[in-house]
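In what follows, a structure is listed as structure tokens, so that the remarks can point back to it.
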Number of protein chains: 2
Amino acid sequence: MDIKQTYSISELAKEFDVTTRSIRFYEDQELLKPSRRGQTRIFSSKDRVRLKLILRGKRMGFSLAETKELFDLWDETLSGNEKQLLKMLTILSNKRAQLEQQKNDIAQAEMEMDTAEARCREALAELQKKKKQQAPANDENRQAAEN
Amino acid sequence: MDIKQTYSISELAKEFDVTTRSIRFYEDQELLKPSRRGQTRIFSSKDRVRLKLILRGKRMGFSLAETKELFDLWDETLSGNEKQLLKMLTILSNKRAQLEQQKNDIAQAEMEMDTAEARCREALAELQKKKKQQAPANDENRQAAEN
DNA sequence: GATAAAGTTTACGTAAACGTAAAGTAGTTT
DNA sequence: AAACTACTTTACGTTTACGTAAACTTTATC
């Protein structure tokens, strides 16, 4: 139950901060399937959701091809034959493993950023100490130090 | 205190499952700076760490250029002038925000995968019910059902 | 009814991250 | 010494994900 049912290409472009070129490209690659009124594209709220998923996928390091695979697979899954359902379950399981890896990577990165930040702050503190020791002992720079 | 001090290109390639081509490319882009014995590259454990960081960066969706920027910045930071230190701190802060975004993306993705998996299992359960209703009522398929 | 605004197609261009030969060198195994 | 193995450089090719320009239609506005 979205507020609006259909969207123009520039509405979506503005909302998600992408170019219309990108959106047309995604359609070309069959990640979006807007309907048409004449030549003009009309995007449904389903298209909108998919665009959101595409962009999130990109932020997570997924290629458009990977994202398209998931879309296609999910569509097939909805038509509900057993083989497709089982395939989807194993793929979901794989993706979960991938997310676990990403979470580990992020946790590692955060730890390293913690130590990096600590070192920066230490180094800054060192610099401050030296400044305070030098400034009062140096007549020539007194004016410069006040700026 | 690593086990080994130096590595050949193929050792690193094998350990991290990348091609030697990639490693040479990373050197070409100045993300790695191995020394040489004659023409042959000799990688230090610092290079090894950097390679690990490069690959993690890729998994997290970072471009080589971004990773190089971080490397360079960190090198400059070590030479410790105040401006560099402050710049590094703000960049760290930005990266943290980026990681937060990624964590949100992952959490969202996990939730959606939960509901997707649930739907799959429901659909499968439906199929099983129908099978059990049909199989005993159908003489012709009794043998096939036992396979 | 001219003109701007938003949309369209077609098509060539580009940056990133390697792949893939081609051809040569350096060490070492038989 | 010949062959094999691991390494090297040079350089052109490829895929992905768009950018950018050109030329054209459709719709809204003055």
### Message
If you take any heavy atom closer than 4.0 Å to DNA chain D, which residues from residues 50-63 of chain B end up in contact?
### Response
none
### Query
Among residues 13-27 of chain A, which contact DNA chain D at a heavy-atom distance under 4.0 Å?
A/T19, A/R21, A/S22, A/F25, A/Y26
Return all side-chain donor-acceptor pairs below 3.5 angstrom for residues 24-33 of chain A, not counting sequence neighbours, or 'none' if the list is empty.
unit_1, atom_1, unit_2, atom_2, d
A/R24, NH1, A/T20, OG1, 3.4
A/E27, OE1, A/R41, NH1, 2.2
A/E27, OE2, A/R36, NH2, 3.1

Are the side chain of [X] and the backbone of [Y] linked by a donor-acceptor contact shorter than 3.5 Å?
X     : Y      : result
B/S10 : B/A13  : no
A/S79 : A/D75  : no
B/E82 : A/L124 : no
A/T19 : A/S22  : yes

### Message
Any residue in residues 68-75 of chain A with a heavy atom nearer than 4.0 angstrom to DNA chain C? Just list them by number, or reply none.
### Response
none
### Query
Should the pair A/R50 and A/F71 be classed as cation-pi, given the thresholds of under 6.0 Å to the six-membered ring centre and 45° from the axis?
yes
Assigning hydrophobic clusters by single linkage (Ile, Leu, Val, Met, Phe, Trp, Tyr; side-chain heavy-atom cutoff under 4.5 Å), is [X] placed with [Y]?
X     : Y     : answer
B/V49 : B/I9  : yes
A/L73 : A/I54 : no
A/L70 : A/L55 : no

### Query
Where does the chain A footprint on DNA chain D start and end, counting 5' to 3' with a 4.0 Å heavy-atom cut-off?
D/dA17 to D/dT20
### Message
Using whole Å, what does the distance between atom P of nucleotide C/dC18 and atom CD of B/Q29 come to?
### Response
10 Å
### Query
Of all residues at least two apart in sequence or in a different chain, which pass the side-chain hydrogen bond (donor to acceptor under 3.5 Å, both in side chains) check with A/R37?
none
Give each protein N/O atom lying under 3.5 Å from an N/O atom of nucleotides 24-28 of chain C, with the pair distance.
none

### Task
Tell me, please, which residues at least two apart from B/S44 pass side chain to side chain contact (heavy atoms under 4.5 Å, CB included).
B/K46, B/D47
### Query
Which residues pass the salt bridge (Lys or Arg N to Asp or Glu O under 4.0 Å) test with B/D17, sequence neighbours left out?
none
### Task
List for me each residue that meets salt bridge (Lys or Arg N to Asp or Glu O under 4.0 Å) alongside A/E122, sequence neighbours excluded, and say none if there are none.
none
#### Entry: Inter- and intrachain pairs under side-chain hydrogen bond (donor to acceptor under 3.5 Å, both in side chains), touching residues 83-93 of chain A, at least two apart
A/E76-A/Q84
### Task
Please list all pairs passing the salt bridge (Lys or Arg N to Asp or Glu O under 4.0 Å) test where one or both residues lie in residues 91-107 of chain A, with sequence neighbours left out.
A/R96-B/D114, A/R96-B/E117, A/E100-A/K103, A/K103-B/E110, A/D105-B/R59
